[in-house]
Amino acid sequence: SLKDLGKNIEAINLFKKAISIKPNYAEAYNNLGNSYRDKDIFDKAEKAYQKAIFYNINYTDAYNNFGVVLQEQGKLDLAIYQFEKALSIKPNYFQAYYNLGNTFRKLNKQDEAIKFYKKTLIINPDYVEACLNIGVSLKEKGKLNDALIYFNKAISMKPNFAEAYYNIGITEIDKNNIEAAIEAYK
């Protein structure tokens, strides 16, 4: 799509044109919201997601995307509500569980974050970012050895996952294991 090619202004104009032709086109409003979010125009993104939901009350992607844009603005309680709304419609919606994990991590509620990341992995065992973020939350809790297990598991899932190697490195530094940190950064 145009949005994926970084042509957000063109995408915004095309979604607006689609909406002018079909004013109740929920998917166009959702995609318009995504395009605004990509440009950090959060107020317009929020309005677009609200319109998408207005025209399709069961549109889980719109609830989830609305939650992400709220989360990005630090409106964490409102974001949680949107993710929970998406899950009330589609209980196995792993992206909403993952985003709940991210939101609780931002609230420094690591146990809650881990719970939601694990639910993500139950539904989608290959979601490497959830595995990585369990490690990050464990590291935040001071459970460095457990964190390393999850970082290494993420690498086994995605061998060139630079972020996992980075997290291994900083975790090994926290453990005063400089040699292992250097090895992780190679």
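When a residue number appears, it is its place in the shown sequence, counting from 1.
- For Ala181 against Gly169, the heavy-atom pair with the smallest separation is CB-O, 3.4 Å.
- The NZ atom of Lys90 lies 5.0 Å from the OG1 atom of Thr60; values are rounded to the nearest 0.5 Å.
- There is no path of hydrophobic side-chain contacts, each under 4.5 Å, that joins Leu76 to Leu78.
- A donor-acceptor distance shorter than 3.5 angstrom exists from the side chain of Asn99 to the backbone of Gln95, with no hydrogens or angles considered.
- The minimum heavy-atom distance linking Phe15 with Ser35 is given by the pair CE1-OG, 3.5 Å.
- Pairing each heavy atom of Leu32 with each of Ile19, the nearest pair is CD2-CD1, 3.9 Å.
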### Message
Show, in sequence, the C-alpha distance, side-chain angles and deciding distance for Tyr166 and Tyr185, and conclude whether the side-chain contact (heavy atoms from CB on, under 4.5 Å) test is met.
### Response
CA-CA 6 Å; Tyr166 169 79; Tyr185 290 134; 4.0 Å; yes

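- Put simply, CD on Glu112 and OG1 on Thr103 are 11.5 Å apart, with the number rounded to the nearest 0.5 Å.
- Taking both residues in full, the closest heavy atoms of Ala86 and Ala96 are given as CB-CB, 4.3 Å, listed atom of the first, atom of the second, then distance.
- Side chain to side chain, Tyr49 and Asn34 meet the donor-acceptor criterion of an N or O pair below 3.5 Å.
- For residues 126-143, every residue pair satisfying the side chain to side chain donor-acceptor pair (under 3.5 Å) rule, not counting sequence neighbours, is listed here: Tyr98-Asn133, Asn102-Asn133, Arg105-Asn133, Gln110-Ser137, Asp111-Lys141, Lys139-Asp174.
- Between Asp61 and Tyr93, the side chains place a donor N or O and an acceptor N or O closer than 3.5 Å (distance only, hydrogens not considered).
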### Task
Give the intermediate values and the outcome of side-chain contact (heavy atoms from CB on, under 4.5 Å) for residues Glu27 and Tyr59.
CA-CA 9 Å; Glu27 290 82 4; Tyr59 196 178; 3.5 Å; yes

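- When atom types are taken as modelled, the side chain of Tyr97 and the backbone of Pro91 share a donor-acceptor pair closer than 3.5 angstrom.
- Taking 4.5 Å as the limit, every side-chain heavy atom of Leu138 sits out of range of all side-chain heavy atoms of Ile149.
- Heavy-atom minimum distance, Ala79 versus Gly67: CB-O, 3.3 Å.
- Linking ILVMFWY residues whenever their side-chain heavy atoms come closer than 4.5 Å, directly or via other members, leaves Tyr150 and Met157 in distinct clusters.
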### Message
Ile134 vs Leu121, test: side-chain contact (heavy atoms from CB on, under 4.5 Å). Steps then yes/no.
### Response
CA-CA 10 Å; Ile134 291 172; Leu121 288 172; 3.6 Å; yes

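- Note that the CZ atom of Phe94 and the CD1 atom of Ile123 stand 8.5 Å from one another [nearest 0.5 Å].
- Here Ile57 contributes atom CD1 and Lys85 contributes atom NZ; the two are 6.0 Å apart, rounded to the nearest 0.5 Å.
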### Message
Is there a side-chain contact (heavy atoms from CB on, under 4.5 Å) between Val69 and Asn65? Walk through the geometry before answering.
### Response
CA-CA 6 Å; Val69 82; Asn65 292 333; over 6 Å; no

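- Among the candidates Leu132, Asn167, Ile168, the single residue satisfying the side chain to side chain contact (heavy atoms under 4.5 Å, CB included) test with Ile155 is Ile168.
- Atom CG of Asn56 and atom OH of Tyr25 lie 12.5 Å apart (nearest 0.5 Å).
- With sequence neighbours excluded, the residues that form a side-chain hydrogen bond (donor to acceptor under 3.5 Å, both in side chains) with Glu172 are Asn177.
- The line from CZ of Phe116 to CZ of Phe104 is 5.0 Å long, rounded to the nearest 0.5 Å.
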